[in-house]
Amino acid sequence: MGRSRSSANRWKYINPSYYLKRPKRLALLFIVFVFGTFFFWDRQTLVRDHQEEISKLNEEMIRLQDLLEELKNDQSVSGEKMNFSRSDGDVGKIDYTEDPVDAQRREKVKDAMRHAWSSYENYAWGHDELQPQTKNGVDSFGGLGATLIDSLDTLYIMGLDEQFQRAREWVANSLDFNKNYDASVFETTIRVVGGLLSAYDLSGDELFLEKAQDIADRLLPAWNTPTGIPYNIINLSHGNPHNHGWTGGHSILADSASEQLEFIALSQRTGDPKYQQKAENVILEISRIFPDDGLLPIHINPEGEVVAYSTITFGAMGDSFYEYLLKVWIQGNRTAAVDSYRKMWETSMKGLLSLVRRTSPSSFAYISEKVGDSFIDKMDELACFAPGMLALGSSGYGPDESQKFLSLAEELAWTCYNFYQSAPTKLAGENYVFNNGQDMTVGTSWNILRPETVESLFYLWRLTGNKTYQEWGWNIFQAFEKNSRIESGYVGLKDVNTGVQDNTMQSFFLAETLKYLYLLYAPPSVIPLDKWVFNTEAHPIKIVSRNDRAMSSGAGNSVGQQKSYKRPLTRREGRFGNK
């Protein structure tokens, strides 16, 4: 009986009338119910979030498995050990076996590209450049979508297919060159013509070739001068070429004599010789007054007497002239038709040797500048392309000379790397001065995400197999990640000593810096150097043998005699070269 009463008393707590007669207990029950509901809901939310995290991790694992499978497939094509054998006379051979660390670093660089690109898409789509701090776009090059076009081949090479397709649609539907804008002939050629040609060579999409021809046609009137040396500025809508006022009417050496790669390639791919003729006539004109040391001042006269009294430098306004002498020889597959370029380049390298000096006490090699007979102990970071150029060109010499220039390349690369290491931020300034007993001191102290040092590290790694250059490149990449990466993109530094940031993500950061860093950790079969040549904006262009007589008979009047240009390879072949 006692047990029955106790049981009956327990059941009364589930009877609603019990609580209706006792409001305080009803309120307490309601509070317990509410807290219980919140607790259960919160646990369910945690479970859901946990499941979503697991799902994301599973997706990441699948993506990494796919990447690993792709790498295995790549290796299976040419064997587990891939041999990178360059053309006759290249500097040795390297045996390459994929390093898991390389794959991880390559993926980190790819993630950096994703971040830079998505920031551009979100805040500056269709504009020339992104201002990450203020999250807006600016048209530094007349509204030609410079960052987008500069990034096409980087997206393609990295396998960022969806991003590439969105960029392609913008080019198809929104890119318009009919702008009332005074454009730089040089910058438009290397970024826009070069970027579109590279996208064409990689993808085979005729749209890019058509657009490249359109913009090149708008640039051509700049070459209509008494000497054939172009003016550096032209209005894209009306023509009217001219030069900068601050040059005193002169053209700039690098700006006027660094369009050969792009315009020769355009003639080869379209069958129209006019582009090649214009570009090669410049070199023909320069060759007539080429000095014994092969060093030209940065100002040249498009109206009459070619050479003007000005600075000789392998830095700003001089650099790519020397680079293109070598690369046109490589672009033509080192045939007799392009021998004159190689000869001019070798002459200039003798001149470069006369500018090489060394610091004290550490004996850093650097390339000085010269005005008249006076040397200037200063070197631009821009001149840090030279180690890569020297390494690439060393293959055309005999054994002794080849080793001499390769050794110099390695010395200069060490100097350029120390431009980075000497700053508190581990990022290089714009230029350095050298005083006796002080080694190097930063001059202009900004860093605008330039690529030249990592470009040289890429070439030196490819040509020597020395992994030290990969380690240096990784240190530089980490410094960019630490100092330049923000939530909405990448920015430069106003001062490499203080780390104060600027508000610009340069288009060449995506076109050059990240591309060279990615290739520094990619197998040599990715854009092999015996199949491709990079323009000065890091746009790879297919090598095509030339059998014309080039400059000796009117500067490229024999485009039809060149080896026929083959349609670009399939997507996979295009990205990884011939195997």
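- Side-chain contact between Y516 and L457: absent, with no pair of heavy atoms (C-beta onward) separated by less than 4.5 Å.
- T154 OG1 to L202 CG: the interatomic distance, rounded to the nearest 0.5 Å, is 9.5 Å.
- Defined by atom type and a distance below 3.5 Å, a donor-acceptor pair is missing between the side-chain atoms of Q268 and Y275.
- L412 and P387 make their closest contact through CB-CG, 3.6 Å (heavy atoms, listed as atom of the first residue, atom of the second, distance).
- Judged by distance alone, with hydrogens and angles left aside, the side-chain atoms of E369 form no donor-acceptor pair with the main-chain N or O of T313 at under 3.5 Å.
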Test salt bridge (Lys or Arg N to Asp or Glu O under 4.0 Å) applied to D214 and R218, step by step: CA-CA 7 Å; D214 181 2; R218 296 173 185 272; 3.1 Å; yes
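- Side chain of S267 to backbone of Q276: a donor-acceptor contact under 3.5 angstrom is found.
- Checking side-chain atoms of S251 against main-chain N and O of P302 turns up no donor-acceptor pair under 3.5 Å.
- Side-chain atoms of T335 and N333 form no donor-acceptor pair, as typed in the model, at a separation below 3.5 Å.
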Verdict with reasoning, I252 to F186, per side chain to side chain contact (heavy atoms under 4.5 Å, CB included): CA-CA 10 Å; I252 297 168; F186 170 70; over 6 Å; no
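- Summarising the geometry of F290 relative to S348, their closest heavy-atom pair is CZ-OG, 3.3 Å, with the distance given to 0.1 Å.
- Environment of NZ in K494: sparse, with no more than 12 heavy atoms of neighbouring residues, nucleotides or ligands closer than 6.0 Å.
- Proximity of a side-chain donor or acceptor of Q331 to a complementary backbone N or O of L261 within less than 3.5 Å is detected.
- Taking every heavy atom of both residues into account, Q260 and A279 meet most closely at NE2-O, 2.9 Å.
- The shortest side-chain heavy-atom distance between K542 and R269 falls under the 4.5 Å cut-off.
- Between D380 and F419, the shortest heavy-atom distance links the atoms O-CE1, 4.5 Å.
- The side chain to side chain contact (heavy atoms under 4.5 Å, CB included) test with L406 is passed by exactly one of L463, L392, T464: T464.
- Enclosure of atom NZ in K343 is not indicated, since only 12 or fewer non-hydrogen atoms of other residues, nucleotides or ligands lie within 6.0 angstrom.
- A donor-acceptor pair under 3.5 Å is formed between the side chain of K515 and the backbone N or O of A511.
- Residues F509 and T147 have side chains not in contact (no heavy-atom distance under 4.5 Å, counting atoms from C-beta outward).
- Taking all atoms of both residues into account, the shortest heavy-atom contact from P540 to S198 is O-OG, 2.8 Å.
- Using cut-offs of 30° and 60° on the angle between ring planes, the pair Y417 and W472 is parallel.
- Side-chain contact between I543 and K531 is absent, with no heavy atoms from C-beta onward closer than 4.5 Å.
- Under a 3.5 Å cut-off, the side chain of E262 and the backbone N or O of G194 do not form any donor-acceptor pair.
- In this structure, L352 CG and F314 CZ are separated by 4.0 Å, a value rounded to the nearest 0.5 Å.
- Applying the 6.0 Å contact sphere to NZ of K350 captures no more than 12 heavy atoms from other residues, nucleotides or ligands.
- Between I190 and N535 the shortest heavy-atom distance is O-ND2, 3.0 Å.
- Under the side chain to side chain contact (heavy atoms under 4.5 Å, CB included) rule, T444 has a single partner from N431, V433, D495, V496, which is N431.
- With 3.5 Å as the limit, one finds no donor-acceptor pair spanning the side chains of E346 and Y397.
- At least one side-chain heavy atom of L449 sits less than 4.5 Å from a side-chain heavy atom of F480.
- We find the OG1-CD distance between T225 and E285 to be 8.5 Å, quoted to the nearest 0.5 Å.
- Note that CD1 of I149 and CG of L196 are 5.0 Å apart. Values are rounded to the nearest 0.5 Å.
- Rounding to the nearest 0.5 Å places CD1 of I312 at 6.0 Å from CG of D293.
- Atoms CH2 and OH, on W461 and Y521 in that order, are 10.0 Å from each other to the nearest 0.5 Å.
- Judged purely by atom type and a 3.5 angstrom limit, K426 uses its side chain to pair as donor or acceptor with the backbone of Q421.
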Worked check of side-chain hydrogen bond (donor to acceptor under 3.5 Å, both in side chains) between D439 and S362: CA-CA 6 Å; D439 280 330; S362 301; 2.6 Å; yes
Residue pair Y181, L144: steps toward the side chain to side chain contact (heavy atoms under 4.5 Å, CB included) verdict: CA-CA 10 Å; Y181 173 75; L144 304 182; 5.8 Å; no
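- T227 is not listed as a side-chain neighbour of E303, based on a closest heavy-atom distance of 4.5 Å or more.
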Pair up each side-chain donor or acceptor in residues 316-323 with any protein partner under 3.5 Å, not counting sequence neighbours, and list the distances.
residue : atom : partner : partner atom : Å
S320    : OG   : S258    : OG           : 2.7
Y322    : OH   : L296    : N            : 3.1
Y322    : OH   : L296    : O            : 3.4
E323    : OE1  : T536    : OG1          : 2.8
E323    : OE2  : K327    : NZ           : 2.8

Pair R546-D339, salt bridge (Lys or Arg N to Asp or Glu O under 4.0 Å): steps then yes or no: CA-CA 11 Å; R546 285 179 57 178; D339 273 352; over 6 Å; no
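- With hydrogens and angles ignored, the 3.5 Å screen pairs no side-chain donor or acceptor of S456 with any backbone N or O of T453.
- Ring geometry, W223 versus F263: the interplanar angle falls from 30° to 60°, so the pair is classed tilted.
- Remark: side-chain polar atoms of N232 are not paired, donor with acceptor, to backbone N or O of V185 under 3.5 angstrom.
- Using a 4.5 Å heavy-atom threshold, the side chains of R358 and F434 count as separate.
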Pair R450-E512, salt bridge (Lys or Arg N to Asp or Glu O under 4.0 Å): steps then yes or no: CA-CA 8 Å; R450 287 202 187 276; E512 301 185 70; over 6 Å; no
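- Side-chain N/O atoms of E411 and T415 include no donor and acceptor closer than 3.5 Å.
- Residues D150 and L510 form no side-chain contact, since every pair of their non-hydrogen atoms from C-beta on lies 4.5 Å or further apart.
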Stepwise side chain to side chain contact (heavy atoms under 4.5 Å, CB included) test for R462 and Y469: CA-CA 9 Å; R462 277 281 182 99; Y469 301 116; over 6 Å; no
Intermediate values then yes/no, side chain to side chain contact (heavy atoms under 4.5 Å, CB included), F458 and F534: CA-CA 12 Å; F458 159 71; F534 290 91; 3.9 Å; yes
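- Counting only distance, with no hydrogens or angles, the side chain of S368 and the backbone of F375 share no donor-acceptor pair below 3.5 Å.
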